[in-house]
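Before any comments, here is the structure.
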Amino acid sequence: MGRSVQKITDSVSLIASKGTWIEGLAIQQLETTAQLPGMYKVAGMPDLHPGRGYPIGAAFFAINKIYPALVGNDIGCGMALWQTTLASNRVKLDKLAKQLGNVEQPLDECWSETIAERKQAKDISIDTYDMALGTIGGGNHFAEFQAIDTIYDEQALAELELNPKHLQLLVHSGSRGLGQSILVEHIRQRGHNGLEPDDREFKEYLKQHDEAVRWAELNREFIALRFLEAVKAKGHSVLDVNHNLVSPKTLNGVEGWLHRKGATPADKGYVVIPGSRGDYSYLVKPVANHGEERSLCSLAHGAGRKWKRGDCHGRLAHKFSREELYSTALGSRVICGNKTLLYDEAPQAYKKCETIIGDMLDAGLIRVVARLKPILTFKTHGDCGS
DNA sequence: ATGTCC
């Protein structure tokens, strides 16, 4: 554990070098959250940034308690990586962009049989949010075609059966309105208080939470499938990892509940740490059983915001027109019909992913397998005004 | 983050 592990208090650590910029408010929120009853240890990741009361980009280990409000509304949010059959060197950006016209509309009737089958297979019975299945949503969610740009570990790539000559599809989305509704109903009943295993609501919440996690996984699957269909390609899932959830975990022999709020698991195999749409993403292999105590078996879930959402239009509009933001410095294309979203998620609003990766390398938490370059990032349909 | 808000 090197210079990029900071011990803030006995129970609060931060995986970041002194040179990595982290907003003071985020550290404050991390320390405040560490004071919650039953909270045993918390760990900020290098992408730590302020949230609504609780910071994003952190893991929280509590004993005999879970905090639904800490998990937040986007239960099961995560990253899925799909291998496609599209040859990277044959990509025509205009054609690709054109093919993706309607991929954010609700899935049409042709999908209903597949939806029913897959829901049953994944033990999902709720149907209130079927309309949202296969949709990306807003915020930092996206689906992005990527090309493998640099290979650092051939063997790992082979193990994952990734074809470096073909495009990958990275999907970042969650449980949409379903997770939101579960949180809202819980807050209405119990506020921000934690739940103990003896509480009636504990089991109820966890049951709904676990279903929302599976729903979010299925959502990413349908997003990938419809994208593949739209561009007339085939593909298969390589990995799917949730970074927003609470799960039982034993850390150094202590049983508890690990809350991950924008924190990628380091105990679920290979993961992708995405950069902003104008930056590289990294396929990494977590180092087994390393830094459990300080990192809580977690990693950054992305490059991390540098600027607050609402600030971005004001900071960028005088410098960049909408049209200029439809392409990036790496030559990739952006489809985003929502102006606010276009500015809020601009590459300038995020830290450089390389620094986040560097911090985790310094801490001995990961090995880098490959660097992925963005080709086309889809945020939301391209035809709405604001 | 949000079938986003009256």
Side chain to side chain donor-acceptor pair (under 3.5 Å) partners of A:His172, counting only residues at least two apart: A:His243

Separation of atom CD in A:Glu185 from atom C1' in B:dT2, rounded to whole Å: 16 Å

Minimum heavy-atom distance between A:Ser281 and A:Gln146, given as atom pair plus value: OG-NE2, 3.2 Å

Aromatic plane relationship, A:Tyr343 with A:His313 - under 30° parallel, 30 to 60° tilted, over 60° perpendicular: perpendicular

Parallel, tilted or perpendicular, as decided by the 30° and 60° cut-offs, for the rings of A:Tyr205 and A:His186: tilted

Non-neighbouring partners of A:Phe202 that pass side chain to side chain contact (heavy atoms under 4.5 Å, CB included), sequence neighbours left out: A:Ile66, A:Leu195, A:Pro197, A:Asp199, A:Leu206, A:Trp257

Sugar-phosphate, base or nothing in reach of A:Gly72, heavy atoms under 4.0 Å: nothing

Touch class at under 4.0 angstrom, heavy-atom based, for A:Gly179 against every strand present: nothing

Taking only nitrogen or oxygen atoms into account, show me every contact under 3.5 Å that the protein makes with nucleotides 3-5 of chain B, one pair per line with its distance.
from  : atom 1 : to       : atom 2 : distance (Å)
B:dG3 : OP2    : A:Gly177 : N      : 2.3

